[in-house]
Structure formats: C-alpha cells, structure tokens
Amino acid sequence: MLILGVSFMYHDSAAAILCDGKVVAAAAEERFSRQKHSLEFPEQSIAYCLRECGIEVNDLDFLVFYEKPLLKFERILMTHIDSFPEGFGQFREAMPLWLRWKLFIPELVRRRLGYTGRILFADHHYAHAASSFFASPFDEAAVLTADGVGEWTTLARGAGRGNRVNLTKELRYPHSLGLLYSAVTAFLGFRVNGGEGKVMGLASYGEPRFARVFQEEILDIRDDGSFRLNMDYFLFHKELVMYGPKFVSRFGPPRAPDGPITRRDEDLAASLQSVVEELCVRIARSLQRETRLKRLCVAGGVGLNSKMNRRLIADTDFKEIFIQPAAGDDGGALGAALLLYHQRLGRPRDWVMQNAYLGPECAPADIRRTLQRRRIAHEEFHDPDRLLDRAAHDLAAGRIVGWVQGRMEYGPRALGNRSILADPRASGMKDILNRKVKHREPFRPFAPAVLYEKMGEYFDLEVESPYMLLVADVRPDQRDRLPAITYVDGTARVQSVRREHNPRFHGLLSRFGELTGVPVLLNTSLNTRGQPIACDHHDALECFLNTDMDILVAGDFYITKHPGAGS
Amino acid sequence: MKTDTAAGRGLGSLWLRLSGLALVLLSLALPYRLRWRWAYALNFILNRPRASGALLLKKPSQWLNHALLGVIYFIGIGGSWLAARFLGPKRGPREERTFWRDRGDPGGYDSGMDDQF
Ligand SMILES: [Fe+2]
C-alpha cells in the first residue's frame, strides 16, 4: 500500500510517502527549490519521495491532499460576503489564483505528475491531528491542533485511541491564535508565516504590560479557553494587511521592518506571548478534564511555539507530550497520508516516529566528486571515531563547524543533520556566530543540543525534547558555564539527543563532553539569514564558502577553506 | 516550474472569470453540500475548454481583468451580501458561556475524503 501525502497552495509545501503504514520519506519543497516557505506545487519533494521508495508515480495507491480546497474557498467567499464591500482589494488578489488553479487541484496534480490514480482530500486539522497522534508512541492521547486557519477551523481538540483520532470541538475563522500571533508579527515588522519565532524570542526581553489590553479588549476569553477576537483591531479577513487602524491607535505606529526595536515592541511581544500561553493552558486543562488522559499530542503552526509547549506540560495535568516536529503545514502532507491509512482504511498502527530524519541523504561518492572538481581542501576519514574526535577538538577550540550527516530533517528545526555547531561555553560565541555566519537579529537566541542521559544536569526538563520544541530553564548553576545558549530569561530551547535516534551526533556530543566536561553543543540550522536550511552538500558548501564558517563536516569528509587548517 | 504566485497580475482566461461568477452565485443558491458538488462540476466542465478560451482572449488587458473581477465581486458577493442581509436570519450579539463548536461525527470526515468539500 503506497500513499503519497502532499501539501501546497498556502505555505510550506511538502510531500510525504507511506509504504504499508511506514513513513519512508518526507521533505519540504523549500529545501529543494531554495525558496523559503515555498507554496509552489511540491514537484521536487514528490520526486524525492518516489525515488526514495523506488517507485513511479502510477505505482501509488492513493495521493492525498492535506486540506479541502472547496471548503477553504467557501470560507473565503463567505468572509467576503460578510465584509462587503470593503474586501475588493483582497478579492482581486486572491480570486485569479483560485480560478486558475486552486480550484483545480486534481487536474493540476494529474497534469504535473502524469498521475492517473485516486486523489483524496483530508480535512486540514484532521491532517494536523493525524500527523501528531499517529506518529506518536501513544496508544491513547488527547489531541490539540492550532494554526492560522485551515478550511474554517483555527483550533481543534479531541482524542486519539488506537487507529482512530476524533476531533470533537473547534474554534473557527477568524478567531485564530495563529492569525493573532501573525498580526502582531506583522505589526512588529517581521514576516508573516516565518517571523513568528522572532516575536517569541523578543518576548523574553519584555514585560507583559499590555496583557490586559489583549485579555479585555482584543480577545473575549471564556474560562474553558475558548475565545473570540475583536475584529475591530484586525483587517486580515478583508484586506491585505493584518492589523487595523484601531490596533495602531492602541499601540502606536508599527515597527518598520529594519527599524530599531523599542521597549514597546518587546513589551508587546511579551504580552502577546503571555496571553497565548495562558489561553493554550486553559484549553489544555479543559481538554485534560474532559478526556482524563495523561498524554497530549500537539500539531499545527502554533505547536512550534516552544515556550507555549513548555507550559502545556508544566502547568497542566498532562504528563507526556508529543509534538510533531513538522507542526506547520509541511507536516500536513504526512498527516494526510497517515489519516488515510489508519482512519479511512482502518489499518492498524505499527510505525512510530523515532526521529525527524526523513529527508534525502548525500551520497559519499557525490560529495567526493564535488570536492575534487571544485578543488576544495578536504580529508576523508575512514574511522568515524577519529572524525568525531577531530570535530570535537575544533569545537572545543572555539571553531564554528558545519555538520551535514545522514538524512535531512522534516520540519523547521535542524536537529544535528543539517546543523551549524559551536561551543556553548564561549560567552562571545553568539556574536561571533552572528558576525561570521548567521547575520541574525542580535536578540534571537541560539539553542543547545544535549545528551539525553545528561539533560537533567543542565536543564530543568522533566520530559525529553527530541525536536527542540520545548523551552526549559537552564539550571542556575550552569548558566554561567553555558552563556552562548542561555537566553536573557535564563531559558533555552533544548534538543535532547538519544544514541538510538542519531548515533553520530550523540557520539560528537559525548566526545565534546569528555573533552570539556559539558556534553552540550550550540546547534543552529545550516543556512544564512533568509535562506532555507541546506538540503544537500552543494547547499552546505555554498553556505560554508560564502561565510566565515571554519570547518564543514559532510559525511566522512572534513572540509576546510585552506589546506592544512584545523589539523 | 511556474505557478501563478504573482497574485492578480497574471491574465487568466475569460472562461475562468465567468465560471467564478457562476460559482459565487451558486454558492448561496444551493443547499450546503449540494452547492459544492454543482459548483465543482460546473468548474470542471468550464475548465476543459480553457485552452480555447485563452486563445480567444489572447491579450486581455489588466483593465479587463480587474473589470471582470469587479463584476464578479459586486454582483456575486454584493448580491449574496444583500440576500444575507435581507433574507437571512438576523444575527444579534449573543452572550455565550463557551465559543467551542461541535465538530460532528468523525465518520463523516473519513468517508468524505473523496470530496474536496
Ligand atoms: Fe495548518
């Protein structure tokens, strides 16, 4: 049974393939097309998935799309009717796309792929729910999905048992946590559908002095966490901007994209973050009371908010949590395929997502050929322990190491296979990394990866965080030892690494720990500002050669800029 | 590959504009599930002669593009708005204990996977 799940049309296009219920491959289109958050037809990720399975497109039993385009279209029409005649600008922008291809997904798929088999359509939030519950190790769990908007739903809750997931309640457009977050993101001068993480980072610097404004004026909140947005403050439902004049008159002029960050901006981010956390905690508590389950599965773009996720486990009666690493719409491709296999076809579950390494791998022969052809200085290590030893020594000496190993991650986090690594003990490392490679906004934190066995010594974390989606307090006695990854509020967004999930990365952390006494590395994604994460060794080399990164390790190849350097 | 991401700036065929107008009008005229079956069927039929439609209107101007969309918007959406305003149920502000809505039977979501709605 071969099922291909696809997501595209809004943002984060992706494809995922299931062979007899096991996920063989999954990847976001942006990594191949090199267009960040690409919404294009995921031609290259589909080609990759088919290749990984060794099949042709017409060998597929089903192709499943991650949402219901006509329901989404209905929502857009109905919203226009509600806001008539103010929405013509948005209508004029959106309609030609709908009429040209968004209403014709099956035709588009058949034309682009030459596919003649069955095409099915999953409900957007069911796809999110399936991407989390059916990938989780739990036999039974409560399920929470939250994003900007699917068809109509913006947030849904329910439970999964065995091979069934059931979403019982929902909140509907325009009342959306994701869109509220995106509106403030836009107001603060960051990119919608991409800059939300920056707002979360900024929030740690501020005081939530506007929280009451959100709670009392902008939102209408019930005890059970359900809410409505006061649409007087927003325009996303009818115009091409997210927030309205009332928002501006309440908070002052919006921040220009490259303008300075003021106290107001920090406090606004902090207020938004605190309100979103509070709402999610209330929702999770009422879900826990209703289901009496101890485990929670989370997906949807809001699930990428690692500070919120921490509170879902810390401030509720849930004891375990699984967050789909591709929580955004890229994960919808995987979820749609899983939903079809289990829910619709009734097949039992015998696959658990053990790690996020579902993407393509670079073949050693290709790397060797590229290095030789481009005359790039390198050394091939046949003994992996020696390679780990060399890299660990470099890291301990303060060098910045690009690290390309095995299969690429599914989801927006680099988890040790397409990463840039550095020493977390060096106090100036954050600035060095920003100056030499990343060029990020100075307020944004860098995250740590830690040995799973040792995480409790460094971080106050009661559950594992394999996908870097949980924030934890850095233990007070360790904060001075780990300045590069300890954020301004004493927290860090942790990745815990188990040997069985990533032996080589685990080995590197262990070796670094032996050398320095600290089995923790700064782990950031292998890309430069505004670029998608590297997919193959070509992208990695581009990033390496165009920045001041010191070393690149790709597979067994130790690559330097100058012959003899680093040895 | 090239999809139409330059929203609204491309020039589509008249067929699609007209089918869109029909779709908008149909969207309120038919019962909920039926209207999407009809609308989709209509679009499908209209989509077939797209190539000929595009040929006929090889170089429609941006102006025509916007004018057509204006017609769809003001007749289709405006008509629906009027109908909703004068014929639809009155919606007053309600004081509610909860804003949760029931999602209904999950079985419907499984069997409905064949449909785009
Ligand atoms: Fe979504």
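Lettering follows sequence order; numbering is per chain, from 1. As a basis for the values below, the full set of heavy atoms in this structure was taken, side chains included, without hydrogen atoms, waters or symmetry mates.
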Given the options A:Glu170, A:Arg344, A:Gln44, which has more heavy-atom pairs under 4.5 Å with chain B than any of the others?
A:Glu170
Test item: B:Met113 and A:Leu339 side chains (from C-beta on) under 4.5 Å apart, heavy atoms:
yes
With only heavy atoms counted, which part of A:Thr153 is less than 4.5 Å from chain B, the side chain, the backbone, both or neither?
side chain
Interatomic distance, A:Asp224 atom CG to B:Phe99 atom CZ [nearest 0.5 angstrom]:
9.0 Å
Part of A:His125 lying under 4.5 Å from any heavy atom of chain B:
side chain
Heavy-atom distances under 4.5 Å only: say whether A:Asp123 touches chain B with side chain, backbone, both or neither.
side chain
The reported gap from CG in B:Asp115 to CZ in A:Phe121 (rounded to nearest 0.5 angstrom) is 9.0 Å
Side-chain contact, heavy-atom cut-off 4.5 Å: B:Arg103 with A:Leu167?
yes
Does B:Gly112 offer a backbone N or O that forms a donor-acceptor pair with the side chain of A:Lys68 under 3.5 Å?
yes
Give, as side chain, backbone, both or neither, the part of A:Ala336 having an atom under 4.5 angstrom from any heavy atom of chain B.
backbone
Applying side-chain contact (heavy atoms from CB on, under 4.5 Å), name anything that partners A:Ala141, two or more places apart in sequence or on another chain.
A:Phe133, A:Phe138, A:Arg295, A:Cys297
Are B:Phe117 and A:Phe73 near enough that their ring centres are under 6.0 Å apart?
no
So, A:Ser226 versus B:Arg101: side-chain donor-acceptor pair below 3.5 Å or not?
no
Take B:Gln116 and A:Phe104, measure what side chain to side chain contact (heavy atoms under 4.5 Å, CB included) needs, and give me the verdict at the end.
CA-CA 10 Å; B:Gln116 294 194 56; A:Phe104 306 103; over 6 Å; no
Max heavy-atom pair count under 4.5 Å with chain B, selected residue of A:Gly225, A:Pro69, A:Gly158:
A:Pro69
Rounded to the nearest 0.5 Å, the CG atom of B:Asp114 sits from the CD1 atom of A:Ile119 at a distance of 11.5 Å
Think A:Arg157 forms a cation-pi with B:Trp100, using NZ or CZ under 6.0 Å from the six-ring centre and within 45 degrees of its axis?
yes
B:Ile77 CD1 to A:Met78 CE distance, which is reported to the nearest 0.5 Å
8.5 Å
Sub-3.5 Å donor-acceptor pair from the side chain of B:Tyr73 to the main-chain atoms of A:Gly87, do we have one?
yes
Which of A:Leu345, A:Thr168, A:Ile221 touches chain B most, by non-hydrogen pairs under 4.5 Å
A:Thr168
Structural part of A:Leu340 lying under 4.5 Å from a heavy atom of chain B
both
